[in-house]
Amino acid sequence: MTSKRVLLAKPRGYCAGVDRAVQTVEEALKLYGAPIYVRKQIVHNKHVVATLEAQGAIFVEENEEVPEGATVIFSAHGVAPEVYEQARERNLKAIDATCPLVTKVHHEARRYAAQDYDILLIGHEGHEEVIGTAGEAPAHVQLVDGPDEADKIQVRDPEKVVWLSQTTLSVDETMETVARLKERLPLLQSPPSDDICYATQNRQQVVKQIAAECDVMIVVGSTNSSNSLRLRDVALDAGARASYLVDYATEIADEWLEGATTVGLTSGASVPDELVTQVLDHLAARGFGQVDEIMTVQEKITFSLPQELKRDMKAAAR
């Protein structure tokens with residue numbers, strides 16, 4: 001009888017930016033007390049949001065919903081400048097938990113706009129990160145949502161055009177989009193350094209390595225998490241026979257595992273590892289007791305907490 005096994009991807013789960021954002025909310029609750037308001041989901045994960053709500057975080061869509069003078073935290077995905085403006089008008093104490101890698105893309109957008117470039121932003125329409133980045137230079141930014149959109153782009157000067165990207169995209173699809181853009185715009189410039197974040201790339205890389213051996217790939221992550229959805233797609237492209245996205249182990253259907261001997265398991269960058277452990281327990285109960293962790297790279301990056309919060313934490317510790 002063939003033994004059933006799980007190939008567990010590493011790196012998986014929390015990236016440095018998510019870790020920092022979640023910690024920001026937790027520390028703010030300890031320091032200022034509940035409620036703490038958070039504009040949009042702090043990270044795109046159902047479980048994380050529910051856990052923070054239970055601790056006293058209140059998630060809102062817009063600054064108007066925050067009482068005047070209260071504390072508001074901006075999510076890891078970044079916000080447009082007008083959001084800071086609204087916060088000032090309402091006298092809100094704003095703490096910015098934007099991932100530093102997203103902030104880098106915002107800086108690039110401002111810099112190229114100041115030099116009067118057309119900016120082609122590769123990303124998904126309506127995603128919070130895209131809205132925030134485009135908001136830095138709305139007159140200069142055009143969204144390119146996938147390779148097929150490349151043919152519709154119009155620019156003022158084909159010699160002054162640059163591409164930037166959302167940080168959580170599929171690396172391969174983004175490069176395909178760039179190649180299509182370059183067919184039309186041979187002088188298209190690239191960002192000075194990679195916009196797709198290290199964690200997104202690393203999680204996709206290990207999935208590519210194991211996918212072909214997997215009968216089924218299970219990705220733990222929420223449906224509004226761009227990087228989690230990309231992991232599911234990357235698994236299929238790299239040869240997994242089936243690939244599913246779940247928030248919780250209880251969502252795994254037994255028929256997915258019928259006839260399977262190798263299950264791949266990974267999680268998106270906003271997923272706490274306890275949810276992966278629950279999936280491992282679920283799989284073990286169904287005979288998948290052997291777990292081989294496949295590691296492609298060791299992640300050592302950490303980001304410090306937002307300045308505003310660190311200042312107040314220091315003052316409180318005196």
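Judged by distance alone, the side chain of N227 and the main-chain N or O of A269 form a donor-acceptor pair under 3.5 Å. At least one donor-acceptor pair closer than 3.5 Å links the side chain of Q204 to the backbone N or O of V171. Checked by atom type and distance alone, the side chain of H140 pairs as donor or acceptor with a backbone atom of Y117 at under 3.5 Å. Looking only at distances, a side-chain donor or acceptor of R20 sits under 3.5 Å from a matching main-chain atom of T98. A donor-acceptor distance shorter than 3.5 angstrom exists from the side chain of E251 to the backbone of D247, with no hydrogens or angles considered. D215 places a side-chain N or O within donor-acceptor distance of the main-chain N or O of T261, the cut-off being under 3.5 Å. Of the possible donor and acceptor atoms, one in the side chain of T51 sits under 3.5 Å from a partner among the backbone N and O of H47. Side chain of T200 to main chain of I196: no donor-acceptor pair is present (N/O by atom type, distance under 3.5 Å, no hydrogens or angles). In this structure a side-chain-to-backbone donor-acceptor pair under 3.5 Å is missing from E308 to K93.
Hydrophobic cluster membership is shared by M313 and V25, with clusters built from Ile, Leu, Val, Met, Phe, Trp and Tyr side chains linked at under 4.5 angstrom. L236 and M217 fall into different hydrophobic clusters, defined by Ile, Leu, Val, Met, Phe, Trp and Tyr side-chain heavy atoms under 4.5 Å apart, directly or through other members.
Here R111 contributes atom CZ and L164 contributes atom CG; the two are 9.5 Å apart, rounded to the nearest 0.5 Å. Distance CD1/I218 to CG/L8: 11.5 Å, rounded to 0.5 Å. Between atom CG of residue L245 and atom CG of residue L229 there is a gap of 5.5 Å, rounded to the nearest 0.5 Å. Rounding to the nearest 0.5 Å places CG of N45 at 7.5 Å from OG of S228. With rounding to the nearest 0.5 angstrom, the CG atom of L169 is 8.0 Å from the OG1 atom of T177. The distance from the CG atom of L143 to the CD1 atom of I119 is 12.5 Å, given to the nearest 0.5 Å.
Nearest heavy-atom pair, A28 versus I73, reported as atom, atom and distance to 0.1 Å: CB-CD1, 3.8 Å. Across all non-hydrogen atoms, the minimal contact from L280 to V6 is CD2-CG1, 4.0 Å.
Note on residues 172-229: no pairs pass ring-ring contact (aromatic ring centres under 6.0 Å, His included), not counting sequence neighbours. Listed by first then second residue, pairs satisfying ring-ring contact (aromatic ring centres under 6.0 Å, His included) with a partner in residues 249-291 read Y244-W256, not counting sequence neighbours.
Partner T262 forms a side chain to side chain donor-acceptor pair (under 3.5 Å) with one of R5, K4, E213 and no other, that one being R5. Just one residue in the list K208, E299, K10 forms a side-chain contact (heavy atoms from CB on, under 4.5 Å) with R203, and that residue is E299. When each of V276, I210, V216 is checked for a side-chain contact (heavy atoms from CB on, under 4.5 Å) with L265, only V276 meets the rule.
A parallel orientation is assigned to the rings of H77 and H44, their planes being inclined by less than 30° (bins at 30° and 60°).
Qualifying ring pair (Phe, Tyr, Trp, His ring centres under 6.0 Å) partners for H124, counting only residues two or more places apart in sequence or in other chains: none. With sequence neighbours left out, the side-chain hydrogen bond (donor to acceptor under 3.5 Å, both in side chains) criterion links D19 to no other residue. The side-chain hydrogen bond (donor to acceptor under 3.5 Å, both in side chains) check on E68 picks up nothing, with sequence neighbours excluded. Take R230 and apply the salt bridge (charged side-chain N to carboxylate O under 4.0 Å, His left out) test, not counting sequence neighbours, and it matches D233.
Remark: the N224 side chain and the Q41 side chain contain an N/O donor-acceptor pair separated by less than 3.5 Å. Side-chain atoms of Q290 and D292 form a donor-acceptor pair, as typed in the model, at a separation below 3.5 Å. S267 and D273 share no donor-acceptor pair across their side chains, judged by distance under 3.5 Å alone. A donor atom on one side chain and an acceptor atom on the other are not found under 3.5 Å apart for Q142 and D118. If you check the side chains of D312 and Y32, you find a donor sitting under 3.5 Å from an acceptor. Side-chain atoms of S193 and K104 include a donor-acceptor pair closer than 3.5 Å.
Ion pairing between a basic and an acidic side chain is recognised when a charged N comes within 4.0 Å of a carboxylate O; D151 and R184 show no such pairing. A salt bridge links R110 with E136: at least one charged nitrogen is closer than 4.0 Å to a carboxylate oxygen. Salt bridge absent: E61 and R39 never bring a charged side-chain N and a carboxylate O closer than 4.0 Å. Comment: E85 engages R88 in a salt bridge, judged by a side-chain N to carboxylate O separation of less than 4.0 angstrom. With respect to the salt-bridge test (charged N to carboxylate O, under 4.0 angstrom), the residues E183 and R180 do not qualify.
Shown here is E125, whose CD atom has no more than 12 heavy atoms of other residues, nucleotides or ligands within 6.0 Å. More than 12 heavy atoms of other residues, nucleotides or ligands sit less than 6.0 Å from atom CD of E293.
The shortest distance between side-chain heavy atoms of L92 and Q86 does not fall below 4.5 Å.
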Please walk me through it: do R90 and E64 pass salt bridge (charged side-chain N to carboxylate O under 4.0 Å, His left out)? CA-CA 8 Å; R90 292 185 65 76; E64 292 83 271; over 6 Å; no

Could you go through D116 and K160, starting from their C-alpha distance and side-chain angles, then the distance that decides it, and tell me whether this counts as salt bridge (charged side-chain N to carboxylate O under 4.0 Å, His left out)? CA-CA 8 Å; D116 203 30; K160 282 195 83 168; 5.3 Å; no

Apply ring pair (Phe, Tyr, Trp, His ring centres under 6.0 Å) to the pair F74 and Y84, showing each step before the final yes or no. CA-CA 9 Å; F74 296 146; Y84 290 99; 5.3 Å; yes

